[in-house]
Amino acid sequence: MKAQLEAIRKGALDSIAAAQEMAGLESLRVKYLGKKGELTALLKQMGKLSPEERPAMGQMANEVRAHLEEAIEKQAAVLSQKALEARLKLETVDVTIPGKRPAQGHKHPMYSALDEMKEIFLNMGFEVMDGPEIEQADYNFTRLNAPENHPSRDWTDTFYLTEDSSVLLRSQTSPMQIRAMEGYGVPIRMVSAGRVYRKDEVDATHSPMFHQIEGLVVDKGITMADLKGTLNEVIQQIYGRDTVTRFRPHHFPFTEPSCEVDIQCYKCGGKGCPTCKGEGWIELLGAGMVHPKVLRGCGIDPEEYSGFAFGLGLERLALGRYKISDMRLIFENDIRFLEQF
Ligand code: DAH
């Protein structure tokens with residue numbers, strides 16, 4: 001039995017020293033010291049020994065067990081140290097490697113054009129206002145003096161949100177004129193930009209959602225000369241000092257008189273080219289003197305106060321400003337396009 005114990009000790013110590021992984025070490029522990037292990041099996045045979053032999057054998061068996069346990073523990077420490085070193089090596093961070101720069105975006109060209117506009121108006125003493133895209137028909141049409149049968153009121157033109165046609169997605173930013181006068185009274189100088197909605201098919205110059213900038217000035221003694229002077233100044237700040245403008249008579253329900261403002265084509269200088277569709281002029285905005293009925297509807301006496309208003313499409317402004325040929329590019333958010341600005 002002594003020889004057997006020695007054999008177990010020797011074999012076990014060799015295997016333990018050779019173990020290279022924790023799992024292997026654990027199975028060695030089971031193999032020798034486990035309930036069904038070799039040492040345990042041998043101890044079960046102690047009963048066969050003579051009473052004189054038993055104590056010495058028992059002591060030796062305990063020594064072997066303690067020896068093996070110690071050897072396993074030591075080897076486990078060696079293995080876990082090795083594992084730690086391997087992991088540290090694997091996970092080393094080289095702090096000197098240059099970082100990955102996150103791709104940085106920038107302002108959309110249309111919003112750059114809008115910011116430029118706002119800046120110009122702020123410098124002229126205008127306030128910038130915000131208003132709702134979900135609007136009452138009353139503000140979008142009626143109080144802007146649009147007759148009951150005005151074509152833009154049609155369900156085929158405007159997105160109504162209620163069966164009774166009382167609430168809609170605003171089709172223009174002009175209701176902000178009413179909100180400004182109603183909310184702040186006179187005198188007033190404001191611009192307001194935002195989304196408007198119309199039932200238009202998408203093509204190179206149309207979209208069911210687009211942006212407008214609205215402007216309104218009401219004070220004592222405001223005349224058409226103020227309208228022309230202000231708009232000429234703004235247009236020249238945007239398109240250059242040598243830009244030629246043209247004020248053409250037009251009709252809008254909420255202004256009287258009304259006009260449309262064109263600029264001489266920046267591409268051909270007025271000769272006629274594809275950009276201006278051979279006209280030599282490019283339409284920029286609608287404007288006019290605020291209709292007395294509109295003023296009166298907001299509690300302002302048209303005998304005492306007068307004003308002018310204007311509205312323009314922001315997409316078209318950006319197309320002209322940055323020489324973009326198709327409005328769809330504004331909305332598609334193709335990085336290759338946007339990166340050019
Ligand atoms: N709201 C008009 C449109 O959408 C544009 C416009 C014209 C606005 C004349 C104005 C204005 O303030 O005076 O076509």
Side-chain angles (χ1 to χ4, degrees), residues 114 117 121 124 126-129 131-133 135-147 150-154 157-159 168-182 186 188-200 205-219 222-232 234-235 245-263 282-295 297-298 300 302 305-317 327:
L114 175 59
M117 270 290 223
F121 280 108
M124 290 179 141
F126 282 64
E127 277 177 72
V128 176
M129 288 179 58
E133 290 170 28
E135 185 55 281
Q136 298 173 39
D138 214 29
Y139 284 75
N140 195 84
F141 293 127
T142 313
R143 297 182 66 183
L144 286 166
N145 195 34
H150 196 272
S152 62
R153 284 187 185 255
D154 208 283
D157 283 24
T158 294
F159 292 102
L168 43 72
L169 293 177
R170 67 179 177 190
S171 63
Q172 51 183 356
T173 45
S174 300
M176 285 308 294
Q177 293 183 34
I178 307 297
R179 289 188 176 274
M181 287 188 275
E182 198 176 59
V186 283
I188 192 157
R189 250 180 291 178
M190 74 91 190
V191 285
S192 183
R195 294 188 179 88
V196 302
Y197 301 84
R198 291 180 194 178
K199 287 189 179 168
D200 284 333
T205 51
H206 291 88
S207 159
M209 185 282 294
F210 59 103
H211 296 71
Q212 284 188 333
I213 309 182
E214 192 78 16
L216 174 73
V217 173
V218 183
D219 204 343
I222 299 290
T223 69
M224 195 94 186
D226 296 303
L227 181 158
K228 286 187 77 172
T230 306
L231 294 179
N232 269 335
V234 173
I235 290 168
T245 55
R246 173 173 83 171
F247 291 72
R248 245 181 321 108
H250 200 76
H251 172 78
F252 296 106
F254 41 87
T255 44
E256 181 58 37
S258 305
C259 61
E260 277 191 335
V261 184
D262 304 332
I263 54 171
I282 295 172
E283 182 198 318
L284 210 59
L285 52 87
M289 301 305 292
V290 182
H291 199 292
K293 266 173 99 174
V294 174
L295 290 175
C298 293
I300 297 163
Y305 284 94
S306 55
F308 70 86
F310 56 90
L312 67 151
L314 202 47
E315 283 78 5
R316 192 185 297 182
L317 180 80
M327 190 154 125

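First listed ligand is number 1; within each ligand, the first listed atom is number 1.
- Side chains of E214 and S192: no donor on one and acceptor on the other come within 3.5 Å.
- Look at D138 and R143 and you find no salt bridge, because none of the NZ, NE, NH1 or NH2 atoms lies under 4.0 Å from a carboxylate O.
- Contact annotation: for F252 versus ligand 1, heavy atoms closer than 4.0 Å belong to the side chain alone.
- Heavy atoms from other residues, nucleotides or ligands lying under 6.0 Å from CZ of R189 number 12 at most.
- Between atom 14 (O) of ligand 1 and the options E260, H250, M176, R198, the minimum heavy-atom separation is to R198.
- Residue contact check for ligand 1: Q177 places a non-hydrogen atom closer than 4.0 Å to it.
- Taking every non-hydrogen atom of T255 and a distance limit under 4.0 Å, the qualifying atoms of ligand 1 come out as 13 (O).
- Atoms of ligand 1 found under 4.0 Å from any heavy atom of F310, numbered from 1 in the order shown, are 8 (C), 10 (C), 11 (C), 12 (O), 13 (O).
- Within the listing of ligand 1, atoms 13 (O) sit less than 4.0 angstrom from a heavy atom of G288.
- The ligand atoms of ligand 1 that sit less than 4.0 angstrom from a heavy atom of S174 are 1 (N), 8 (C).
- Of the candidates F210, F308, F254, F254 brings a heavy atom nearest to atom 11 (C) of ligand 1.
- Between F310 and F121, the two ring planes are parallel [angle under 30°; tilted spans 30° to 60°].
- A side-chain donor from one of R153 and T142 sits under 3.5 Å from a side-chain acceptor of the other.
- Note on ligand 1: Q212 sits in its first shell, one or more heavy atoms being nearer than 4.0 Å.
- The single protein non-hydrogen atom nearest to atom 12 (O) of ligand 1 is E214 OE2, 2.6 Å, given as residue, atom name and distance.
- We find the CG-CD1 distance between L216 and I222 to be 10.0 Å, quoted to the nearest 0.5 Å.
- Of the polar atoms of A309, at least one N or O is found under 3.5 Å from an N or O of ligand 1, judged by distance alone.
- Here A287 has backbone heavy atoms under 4.0 Å from ligand 1, and that is the only part of it that gets that close.
- In this structure, the separation between CD on Q177 and CD1 on I188 is 10.5 Å, given to the nearest 0.5 Å.
- Ranking protein heavy atoms by distance to atom 2 (C) of ligand 1, first place goes to Q172 OE1, 3.7 Å.
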Could you give me the CA-CA distance, side-chain angles and deciding distance for H291 and T255, then say whether side-chain contact (heavy atoms from CB on, under 4.5 Å) is met? CA-CA 4 Å; H291 199 292; T255 44; 5.8 Å; no
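- Relative orientation of the F254 and F252 rings is parallel, given thresholds of 30° and 60° on the angle between their planes.
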